[in-house]
Amino acid sequence: MAVERNLPWKTSRETKSIVSINRPELLLLLLLLSFPRSISELNQMQGYCAVASDSECSRSFTKILIKEGTVVNAHHKEVADVYIEDGVIVSVRPNIKVGDDVKILDATGKYVMPGGIDPHTHLEMEFMGTVTIDDFFTGQAAALAGGTTMHIDFVIPVNGSLSAGFESYKNKAKKAVMDYGFHMAIIKWDEEVAKEMELMVKENGINSFKFFMAYKGSLMVNDELLMQGLEKCKSLGALAMVHAENGDGVAEGQKRMIDLGITGPEGHALSRPPVLEGEATARAIHLASFVNTPLYVVHVMSINAMEEIAKARKAGQRVIGEPVVSGLVLDDSWLWDPDFTTAAKYVMSPPIRKAGHDKALQSALSTGILQLVGTDHCTFNSTQKAFGFDDFRKIPNGVNGIEERMHLIWDTMVVSGQISVTDYVRITSTECARIFNIYPRKGAILEGSDADIIILNPNASFKVTAASHHSKSDTNVYDGRTGKGKVEVTISGGRVVWEDGMLNVMPGSGKYIRMAPYGYLFDGIEKADAAYLASLRAPVQRTKAAA
């Protein structure tokens with residue numbers, strides 16, 4: 001059978017050629033004849049600038065002036081210049097005058113916005129017997145090419161140890177090319193975990209902890225553990241996050257599908273219907289209300305879950321709902337594709353839903369029921385997905401999105417007229433920075449903010465293809481999608497890292513961003529607790545009954 005391969009010697013400015021190869025000997029010969037002579041050459045051939053070289057490609061400008069663009073923040077937009085020096089925004093005002101040693105970027109007719117912040121990624125994550133294909137170099141490089149300048153990744157404990165997990169992810173992130181932060185997953189409970197949570201918050205800059213209500217037998221926590229976790233999060237000023245699916249229900253649904261002989265990718269969606277996501281979302285919301293602590297629901301994929309969030313927020317509860325790009329722009333029809341490779345690439349949890357859920361989630365995002373957009377970037381290539389060819393339960397769960405998010409949300413939400421340009425900045429950057437307590441260092445174009453900036457041309461078009469993306473995955477769930485609005489320049493930490501379709505990235509240049517506890521969601525919590533205690537009118541003093 002013919003195998004399609006992307007030739008590695010094509011540059012990113014060319015359309016990557018596809019050839020059919022029937023003989024392994026031919027493939028080996030082509031690779032030997034064409035393999036780059038050095039790492040530097042390989043970087044350039046793949047559309048990356050050579051690192052640690054003296055070329056113009058890798059020059060780092062410490063002074064940059066962005067001229068006459070429309071500067072957009074979540075609260076305001078204006079035509080102004082932006083002057084950057086040594087990685088920090090120095091001035092935002094019209095007609096800034098500078099010397100000859102400053103790189104000038106003309107943004108006339110374009111939008112100058114804070115770089116995107118992706119609140120939900122999984123780079124180099126061990127999961128379902130394999131490891132996600134994108135690491136902290138390839139995943140972050142892809143992010144920068146798509147206009148995202150920071151992400152928050154999920155640390156998975158090692159043998160239940162939070163400290164060991166943190167050290168493992170610190171090591172993985174040594175190759176980082178942009179700024180990043182960490183959430184921490186909690187997968188078991190004992191006194192040591194409780195102590196380590198405190199260590200993570202006070203010494204390691206983690207202010208959020210995730211609890212999986214799904215993945216029975218591996219990551220799933222029960223209600224008792226979730227309650228203990230919510231209480232501990234509240235005491236530390238840390239935000240509790242939940243993957244909301246009823247794990248027991250999913251396990252039963254999977255058994256039901258297998259018994260019916262449904263073993264393909266469509267069985268994945270059928271085994272974990274929206275009702276199970278809605279139930280778990282409601283349960284987590286009620287438990288968070290009982291504890292009186294804020295709650296963040298990751299990857300909201302269904303109307304059922306969204307409606308539970310809407311009801312809680314209307315009642316005044318502090319609940320954050322995070323849809324992801326796949327749930328906003330895709331439907332589940334691809335899971336029924338007769339080609340396994342095509343169908344399997346769409347397998348993620350919670351599943352991509354039937355048409356109608358996507359439009360409802362878009363509406364909820366535009367009206368403030370849902371607050372920000374993530375990706376749940378968790379990529380596996382077609383070989384890894386094939387582990388579950390005969391059993392959908394073995395297909396590694398996850399899709400891409402870290403490179404595509406900014407473009408697809410612009411086209412889906414702004415071009416369509418559902419949200420404003422300022423709203424776009426809010427849902428892709430500012431709100432994430434506010435929730436995780438790093439605003440206005442991140443998520444804003446203000447004097448003193450980090451120089452993480454994108455220049456977006458609203459009149460330019462984009463096209464997503466697996467052949468041209470920067471992820472290591474050989475598939476892309478948005479393959480072939482086109483739209484208006486293109487990120488033409490990305491500035492990360494005061495360096496131009498994406499311009500003219502070329503990446504200029506340096507492994508190790510990314511910084512770990514510590515995030516302090518007690519973000520704005522905790523404002524007034526103590527007063528609410530005091531009001532609750534006052535309302536109890538208890539304990540009642542009683543006399544003993546007569547003998």
State whether a side-chain donor-acceptor pair under 3.5 Å links [X] with [Y].
{"X": "N400", "Y": "S471", "result": "no"}
{"X": "E403", "Y": "H470", "result": "yes"}
{"X": "E322", "Y": "H120", "result": "yes"}

Min side-chain heavy-atom separation [X]-[Y] under 4.5 Å:
{"X": "V477", "Y": "E404", "answer": "no"}
{"X": "I206", "Y": "F166", "answer": "yes"}
{"X": "I186", "Y": "L225", "answer": "yes"}
{"X": "D450", "Y": "I89", "answer": "no"}
{"X": "V324", "Y": "V373", "answer": "no"}
{"X": "F127", "Y": "S218", "answer": "no"}
{"X": "V193", "Y": "L162", "answer": "yes"}
{"X": "V90", "Y": "E447", "answer": "no"}

Is it the case that the side chain of [X] and the backbone of [Y] share a donor-acceptor pair, with hydrogens and angles ignored and the cut-off at 3.5 Å?
{"X": "N437", "Y": "P517", "answer": "yes"}
{"X": "S449", "Y": "P440", "answer": "yes"}
{"X": "E245", "Y": "L276", "answer": "no"}
{"X": "K385", "Y": "F380", "answer": "no"}
{"X": "W189", "Y": "V221", "answer": "no"}
{"X": "R434", "Y": "Y439", "answer": "no"}
{"X": "T428", "Y": "G116", "answer": "no"}
{"X": "D391", "Y": "R393", "answer": "yes"}

Once the angle between the rings of [X] and [Y] is folded into 0 to 90°, is it parallel (under 30°), tilted (30 to 60°) or perpendicular (over 60°)?
{"X": "F182", "Y": "Y512", "answer": "tilted"}
{"X": "Y215", "Y": "H243", "answer": "perpendicular"}
{"X": "F136", "Y": "Y180", "answer": "perpendicular"}

**Request:** Given side-chain hydrogen bond (donor to acceptor under 3.5 Å, both in side chains), test T465 with D479 step by step and report yes or no.
**Result:** CA-CA 5 Å; T465 70; D479 202 3; 4.9 Å; no
**Stepwise side-chain hydrogen bond (donor to acceptor under 3.5 Å, both in side chains) test for N381 and D474** = CA-CA 6 Å; N381 64 21; D474 59 350; 5.3 Å; no
**Request:** With salt bridge (Lys or Arg N to Asp or Glu O under 4.0 Å) as the test, would you mind laying out the steps for K103 and E499 before giving the verdict?
**Result:** CA-CA 13 Å; K103 179 179 176 66; E499 187 179 19; 3.5 Å; yes
**Message:** side-chain hydrogen bond (donor to acceptor under 3.5 Å, both in side chains) for D118 and T375? Distances and angles first, verdict last.
**Reply:** CA-CA 7 Å; D118 189 341; T375 61; 2.5 Å; yes
**Derivation and outcome, side-chain contact (heavy atoms from CB on, under 4.5 Å), residues I84 and I453** = CA-CA 10 Å; I84 299 163; I453 297 172; 3.7 Å; yes
**side-chain hydrogen bond (donor to acceptor under 3.5 Å, both in side chains) partners for K511, two or more places apart** =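 If we apply the side-chain hydrogen bond (donor to acceptor under 3.5 Å, both in side chains) test to K511, skipping adjacent residues, the hits are D179.
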For the pair [X] and [Y], find out whether any cationic side-chain nitrogen is under 4.0 Å from an anionic carboxylate oxygen.
{"X": "K175", "Y": "E124", "value": "yes"}
{"X": "R272", "Y": "E252", "value": "no"}
{"X": "K527", "Y": "D529", "value": "no"}
{"X": "K195", "Y": "E192", "value": "no"}
{"X": "E167", "Y": "K170", "value": "yes"}

**Request:** Provide the closest heavy-atom pair for I369 versus R313 in the form atom of the first, atom of the second, distance.
**Result:**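 So the two residues come closest at O-CD, 3.5 Å.
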**Message:** With side-chain contact (heavy atoms from CB on, under 4.5 Å) as the criterion, how do I409 and L328 come out once you've worked through the C-alpha distance, each side chain's angles and the decisive distance to 0.1 Å?
**Reply:** CA-CA 8 Å; I409 295 303; L328 290 165; 3.7 Å; yes
To the nearest 0.5 Å, what is the distance between [atom1] on [X] and [atom2] on [Y]?
{"X": "I395", "Y": "M348", "atom1": "CD1", "atom2": "CE", "value": "14.0 Å"}
{"X": "I285", "Y": "L295", "atom1": "CD1", "atom2": "CG", "value": "6.5 Å"}
{"X": "E277", "Y": "M306", "atom1": "CD", "atom2": "CE", "value": "10.5 Å"}
{"X": "S326", "Y": "H377", "atom1": "OG", "atom2": "NE2", "value": "12.0 Å"}
{"X": "L230", "Y": "F290", "atom1": "CG", "atom2": "CZ", "value": "11.0 Å"}
{"X": "L236", "Y": "K202", "atom1": "CG", "atom2": "NZ", "value": "7.0 Å"}

**Message:** Please evaluate residues D376 and V298 with respect to the criterion side-chain contact (heavy atoms from CB on, under 4.5 Å), reporting the C-alpha separation (whole Å), side-chain torsions for both, the decisive distance (0.1 Å), and the verdict.
**Reply:** CA-CA 9 Å; D376 194 9; V298 305; over 6 Å; no
Enumerate, atom names and distances included, each donor-acceptor pair closer than 3.5 Å involving a side-chain atom of residues 146-154, sequence neighbours excluded.
unit_1, atom_1, unit_2, atom_2, d
T148, OG1, R405, NH2, 3.4
H151, ND1, T121, OG1, 2.8
H151, NE2, Q140, NE2, 2.9
D153, OD1, T121, OG1, 2.7
D153, OD1, H122, N, 3.3
D153, OD1, L123, N, 2.9
D153, OD2, L123, N, 3.4

Centroid-centroid under 6.0 Å between [X] and [Y] rings:
{"X": "F392", "Y": "F340", "result": "no"}
{"X": "H183", "Y": "F436", "result": "yes"}
{"X": "F211", "Y": "F209", "result": "no"}

**Request:** Going by the side chain to side chain contact (heavy atoms under 4.5 Å, CB included) test, name the single residue among P351, P350, P323 that passes it with M301.
**Result:**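 The option that passes is P350.
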**Request:** Step by step, work out the side-chain contact (heavy atoms from CB on, under 4.5 Å) result for Q371 and E431.
**Result:** CA-CA 7 Å; Q371 286 69 53; E431 189 59 24; 4.2 Å; yes
**Request:** Can you spot which of N476, T138, D134 makes a side chain to side chain donor-acceptor pair (under 3.5 Å) with T379?
**Result:**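 Answer to the side chain to side chain donor-acceptor pair (under 3.5 Å) test with T379 among N476, T138, D134: D134.
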**Request:** Go through the steps to decide whether H268 and S349 satisfy the test side-chain hydrogen bond (donor to acceptor under 3.5 Å, both in side chains), and finish with yes or no.
**Result:** CA-CA 9 Å; H268 176 77; S349 295; 3.3 Å; yes
**Request:** Please test K442 against D452 for salt bridge (Lys or Arg N to Asp or Glu O under 4.0 Å), starting from the C-alpha separation and ending with a verdict.
**Result:** CA-CA 8 Å; K442 302 290 186 182; D452 295 339; 2.6 Å; yes
